[in-house]
Amino acid sequence: GIVQLGPEDYNDTVNRRSAFPVVADPSDVLLNQAFIRWQPVRQLELIGGRQAINLDNQRWIGSVDWRQNDQTLDAMRAVILPNSQTRVEYIHSWRVNRVFGPDSAQGIWRNSDIHLLRGSAAFPKVGTISAYGFWLDLPAAPTSSSRTLGLRLTGQQAITGNVTLHYAAEFARQRAHGANPTRFSHDYLLIEPGIGVGPVTARVGYERLSGDGNTALQTPLATLHAFNGWTDRFLTTPANGLLDLYADVQWRLGPVLTNAPATLRFQAHDFNATRTAADYGREYGAWLTVPISRQISTSVKLSHYDADTFATDTTKFWLSVDARF
């Protein structure tokens with residue numbers, strides 16, 4: 001259940017207040033998840049129904065739990081676990097229940113034909129390697145239909161007692177698929193090294209989503225808020241592509257009100273086009289999370305986008321309280 005509190009000075013995508021900025025949390029009462037899980041043996045799990053699905057870091061497939069209404073899939077899911085280090089899963093979905101809710105014209109993608117295949121294996125001296133193939137045929141959003149094949153590596157290695165090396169690398173190739181009326185071939189590249197020293201972890205990243213001036217690599221089922229800045233200026237990749245050079249620092253501050261540690265996070269992004277090298281703009285953000293009790297936590301987030309040649313200057317501020325029982 002999502003209920004509006006206070007003045008409705010925002011565009012929730014269904015209230016026709018298009019003069020205001022979008023806050024995509026329309027008031028509604030709906031069925032978020034309902035599924036059956038069956039595990040006949042330890043190595044096999046079958047799930048059917050409406051479910052939240054998060055793969056890897058949610059760059060391609062995620063439940064967008066930042067919003068009030070999770071993105072879910074009506075789907076059948078099969079997970080094979082040959083051993084504790086290996087995982088293979090296949091998902092077939094025919095309906096995407098998006099964060100906008102069923103009253104929005106863009107809230108449900110019906111008659112979809114989605115096939116998601118992913119396998120991963122963990123190696124102690126290397127990290128976790130995952131390979132994936134995503135086939136999205138979306139008649140409700142034909143230009144977002146695509147086939148994506150990729151490889152991802154993540155891991156961490158201890159250097160000394162309190163120093164840890166973190167790393168992530170990923171490459172994918174995306175082509176048109178299904179209902180998409182256009183033809184294209186785009187690349188995705190991520191390189192993200194980092195280092196942790198005690199309670200502080202710092203990462204720098206190079207993320208490239210290519211574009212050709214008419215189309216660009218898209219990730220329509222991702223948890224997009226987690227990538228390319230918290231002001232959400234790049235939920236859709238510009239036609240000339242997107243190059244995001246960024247730095248991310250997370251600091252575990254330690255217990256404040258409870259035994260659970262508070263965390264402070266800073267981000268900085270420099271956005272450019274991949275095709276023309278145009279300077280889109282820069283963004284800076286900070287996020288503080290403080291647990292109040294074992295069930296309740298609060299967070300404050302502030303982010304500012306300084307536009308150059310893309311979109312407009314934008315500042316966003318959030319105060320949230322999360323309760324779990």
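- Residue Tyr132 forms a side chain to side chain donor-acceptor pair (under 3.5 Å) with just one option from Glu89, Arg152, Glu170, Arg118, and that option is Glu170.
- Thr72 places no side-chain N or O within 3.5 Å of a backbone atom of Gln33 that could act as its donor or acceptor partner.
- By the 4.5 Å heavy-atom criterion applied to side chains, Asp28 and Asn69 are not counted as neighbours.
- Within the 3.5 Å criterion, the main-chain N or O of Gly229 finds no donor-acceptor partner in the side chain of Gln267.
- Partner Trp66 forms a ring pair (Phe, Tyr, Trp, His ring centres under 6.0 Å) with one of Trp318, Phe227, Trp230 and no other, that one being Trp318.
- A donor-acceptor distance shorter than 3.5 angstrom exists from the side chain of His92 to the backbone of Ile114, with no hydrogens or angles considered.
- At most 12 non-hydrogen atoms from other residues, nucleotides or ligands lie less than 6.0 angstrom from CH2 of Trp251.
- The backbone N or O of Tyr10 sits less than 3.5 Å from a side-chain atom of Asn15, completing a donor-acceptor pair.
- Checking each of Asn54, Thr223, Asn32 against Ser63 for a side chain to side chain donor-acceptor pair (under 3.5 Å) leaves exactly one that passes, namely Asn54.
- Gln51 places a side-chain N or O within 3.5 Å of a backbone atom of Ala75 that can act as its donor or acceptor partner.
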Original post:
side chain to side chain contact (heavy atoms under 4.5 Å, CB included) between Tyr305 and Tyr280: does it pass, once the steps are laid out?
Top reply: CA-CA 10 Å; Tyr305 174 69; Tyr280 287 150; 4.1 Å; yes
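- At distances below 3.5 Å, at least one donor-acceptor pair connects side-chain atoms of Arg183 with backbone N or O atoms of Asn180.
- A distance below 6.0 Å separates the ring centres of Phe234 and Phe271.
- Distance CD1/Ile191 to CZ/Arg208: 11.0 Å, rounded to 0.5 Å.
- Between the side chain of Asp56 and the backbone N or O of Gln58 there is no donor-acceptor pair closer than 3.5 Å.
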Original post:
Can you list the steps and then say if Leu288 with Thr298 is a side chain to side chain contact (heavy atoms under 4.5 Å, CB included)?
Top reply: CA-CA 8 Å; Leu288 174 65; Thr298 184; over 6 Å; no
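- Counting heavy atoms from C-beta on, the side chains of Glu45 and Leu81 never come closer than 4.5 Å.
- A 4.5 Å side-chain heavy-atom check between Phe134 and Gln174 finds every atom pair outside the cut-off.
- Contact of the Tyr246 side chain with the Arg203 side chain is not registered, since no non-hydrogen atoms from C-beta on lie closer than 4.5 Å.
- For the atom pair CD (Gln106) and CZ (Phe100), the distance works out to 4.0 Å, reported to the nearest 0.5 Å.
- Ionic pairing of Arg59 and Glu207 is present here: one or more N-O contacts between side-chain nitrogen and carboxylate oxygen are shorter than 4.0 angstrom.
- Evaluation of the side chain to side chain contact (heavy atoms under 4.5 Å, CB included) rule for Arg275 yields Asn240 as partners, not counting sequence neighbours.
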Can you list, pair by pair, the side-chain donor-acceptor contacts under 3.5 Å of residues 139-147, counting residues two or more places apart and other chains?
unit_1 : atom_1 : unit_2 : atom_2 : d
Ser145 : OG     : Leu138 : N      : 2.8
Ser145 : OG     : Pro142 : O      : 3.3

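- Heavy atoms only, all atoms of each residue included: Asp279 and Thr309 are closest at O-OG1, 2.7 Å.
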Subject >> Chi angles and distances behind the side chain to side chain contact (heavy atoms under 4.5 Å, CB included) call for Asp113, Trp94 >> reply: CA-CA 5 Å; Asp113 187 17; Trp94 51 92; over 6 Å; no
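- Between Arg265 and Asp248 there is a salt bridge, with a side-chain nitrogen of the basic residue lying less than 4.0 Å from a carboxylate oxygen of the acidic one.
- With Ser112 contributing its side chain and Trp109 its backbone, the two residues share a donor-acceptor pair below 3.5 Å.
- Proximity of the aromatic rings of Trp287 and His225 is defined here by a centroid distance below 6.0 angstrom, and this criterion is not met.
- In this structure, Leu31 places its CG atom where more than 12 heavy-atom neighbours from other residues, nucleotides or ligands lie under 6.0 Å away.
- Of the possible polar contacts, one joining the Ser93 side chain to the Asp74 backbone as a donor-acceptor pair under 3.5 Å is found.
- Interatomic distance, His269 NE2 to Thr231 OG1, rounded to the nearest 0.5 Å: 8.5 Å.
- Contact of the Val96 side chain with the Gln71 side chain is registered, since non-hydrogen atoms from C-beta on lie closer than 4.5 Å.
- Side-chain atoms of Gln250 do not come within 3.5 Å of backbone N or O of Thr263 as any donor-acceptor pair.
- Among all heavy-atom pairs drawn from Arg77 and Leu55, the shortest one is NH2-CD2, 3.9 Å.
- Atom CZ of Phe171 is separated from atom CG of Leu190 by 12.5 Å, given to the nearest 0.5 angstrom.
- Heavy atoms of other residues, nucleotides or ligands lying less than 6.0 angstrom from CZ of Arg252 number 12 at most.
- Proximity of Tyr90 to Ile80: side-chain heavy atoms (C-beta onward) are nowhere separated by under 4.5 Å.
- The environment of CG in Asn83 is crowded: more than 12 heavy-atom neighbours from other residues, nucleotides or ligands sit within 6.0 Å.
- Contact check for Val126 versus Leu153: side-chain heavy atoms found under the 4.5 Å cut-off.
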**OP:** Evaluate the criterion side chain to side chain contact (heavy atoms under 4.5 Å, CB included) for residue pair Arg282 and Asp308; output intermediate values, then yes/no.
**Re:** CA-CA 8 Å; Arg282 289 146 298 282; Asp308 191 346; 4.1 Å; yes
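- The two residues Leu149 and Gly133 have their closest heavy-atom pair at CD2-CA, 3.7 Å.
- The shortest side-chain heavy-atom distance between Phe317 and Val300 falls under the 4.5 Å cut-off.
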